[in-house]
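Chain identifiers are assigned alphabetically (A, B, ...) following the order of the sequence lines, protein sequences preceding nucleic acid strands; residue numbering begins at 1 within each chain.
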Amino acid sequence: MYSEKVMEHFTNPRNVGEVEQADGEGQVGNPICGDIMKLSIKVEDDRIVDIKFKTFGCGAAIASCSMLTEMVKGKTIEEARTITNRDVAEALGGLPSVKMHCSNLAADALQIAIDDYLSKKEEAQNA
Amino acid sequence: MKRIYLDHAATTAVRPEVLEAMLPYLSEKFGNPSSVYSLGREARRALDEARATVAALIGADEREIVFTGGGSEADNLAIKGVAFANRHKGNHIITSAVEHHAVLDTVHFLERNGFRITILPVDEYGMVDPDQVAEALTDETILVSIMHANNEVGTIQPIAEIGRILAEKKVYFHTDAVQTAGILPINVDELHCDLLSLSAHKFYGPKGVGVLYVRRGTKLEPHIHGGAQERKRRAGTENVAGIVGLAKAFALAQEEIEPSTAKLTALRDKLRDGIAARIDHVRFNGHPTLRLPNNVNVCFSFIEGEALLLNLDLHGIAASSGSACTSGSLEPSHVLLAMGVPPEIAHGSLRLTLGRENTEEEIDTVLDVLVEVVAKLRDMSPLYEKTPSSPLP
């Protein structure tokens, strides 16, 4: 039911954990639904230099977070802004249709993390 | 990598003796039991013998045995068959919240067709209360369906007690014994049931063949029309090889119940005790003592069941889970939810069901792998870091 790429990321997930002194954090999902994805990012000169994830969820949830972190690392905030859940699913060689909504939310978590980074940055500038 | 199969409640491999008994009826003895010539009579004899074997094993009469295309068909025939044949007497049907979907979906179908349904709750162990069955009865009640043992958590229901109440009230009683056949002794008179479902592939027989026991005098409307087979209760040329295999497998399993129970219980307890000793934040589901000897159902907090199953599979271990992802819906197991297990915990459930070929060494391996895999997934879980030492919800 899962593509080879999904199983590969599931078996060897990249960038698991939490970035120390993160510049932005984003979390989506809830435990009742059985899916939580949490991302933390480190930003230097508007470029995401480090990103890590933690996931409570199924194989697709773990693989999509892992995939997303690979896609995002090294990208500018502007570039990362354009990444969608669909992009992540496509990069994984597709996901089963039942998984598209519940387990494919990594890009949403990223957008929240970027929002968090930007608002913290704004606060710092205003301070 | 050696495969370790711990999903015997899902299905089992056909035993060599069973396959051997079946093979002639797929080749040289291919006759149709309804044909008059010797080839047909030979198939008829095999069918009659299988029927006599099954009847004797459950304390029934041969005329009370209906061969079906499996356990789900047997459940469907029992429930719809009694409902439609007894509609003039009443339209109320009682069942429990932890039944197999072959029962639950069937009663919901009947509800859409004018029947009134009562779904009884269960306690924290998944047990139905016989008093609640008695209280739910009305003048309109025509059928009660309660499973013999639960397929997910292994809890054995007080079927004989419920059966006695219903026999007195003259309400038809169906029990789905798909999980108990070959594991517990089954006697239809001791259980006081009027209908009982069995499925061959759960006790080392072939898939696609089952039995519905129908007590004499039970009014039943067939739902497959087109022939006089099975005393007009299930039309269609009989699956002779499958039926021969079912009878052979059932006879072997029932003969071996005593040694098999001892072996399975020892392995089950080793598995349960090992998990309890080596992994924290676990919750065992189902009744602690009134349970199937081959079932361990356990929830691991902070992780999700499908991810757990995929990791076990990478180590060659086959098991199942009640997580939403594996139930094919957005909700985790209806059985665990009915028992009051919180959804976030139910997502992390694992069912391990043992069988005749499992060994102690396999259990040791499974325990080592479980410790590793649960730790790996918890390290990845955002829930674990927050509450590493909090008590279970």
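Both the backbone and the side chain of B:Asn311 come within contact range of chain A, judged by heavy atoms closer than 4.5 Å. Neither the backbone nor the side chain of A:Pro96 comes within contact range of chain B; no heavy atom of the residue lies under 4.5 Å from a heavy atom of that chain. Of the atoms belonging to A:Ile32, heavy atoms from both backbone and side chain fall under 4.5 Å from chain B. For A:Tyr2, the part lying near chain B is the side chain, with the backbone staying farther off; criterion is any non-hydrogen pair under 4.5 Å. Contact annotation for A:Ala61: neither backbone nor side-chain heavy atoms come within less than 4.5 Å of a heavy atom of chain B. Contact of B:Leu310 with chain A is made through backbone and side chain together, with heavy-atom distances under 4.5 Å.
Around the CD atom of B:Glu357, the shell of radius 6.0 Å holds no more than 12 heavy atoms that belong to other residues, nucleotides or ligands. Few gaps surround CD on A:Gln125; more than 12 heavy atoms of other groups in view lie less than 6.0 Å from it. Surrounding CZ of B:Phe284 are more than 12 heavy atoms belonging to other residues, nucleotides or ligands, all under 6.0 Å away. By the 6.0 Å contact criterion, CD on A:Glu70 is enclosed, its count of non-hydrogen atoms from other residues, nucleotides or ligands being greater than 12. Atom CZ of A:Arg81 has more than 12 heavy atoms from other residues, nucleotides or ligands within 6.0 Å.
Nearest approach of B:Phe302 to A:Phe56, heavy atoms of both residues: O-CD1, 3.1 Å.
Atom CD1 of B:Ile303 is separated from atom OG1 of A:Thr55 by 13.5 Å, given to the nearest 0.5 angstrom. Here the NZ-CG distance, from A:Lys54 to B:Asp379, works out to 6.5 Å after rounding to the nearest 0.5 Å. For the atom pair A:Asn30 CG and B:Glu344 CD, the distance stands at 9.0 Å (nearest 0.5 Å). In this structure, SG in A:Cys58 is found 10.5 Å from NE2 in B:His347, a value given to the nearest 0.5 Å.
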So A:Met7 and B:Leu314, side chain to side chain contact (heavy atoms under 4.5 Å, CB included) or not? Walk me through it. CA-CA 10 Å; A:Met7 282 312 292; B:Leu314 293 172; 4.1 Å; yes
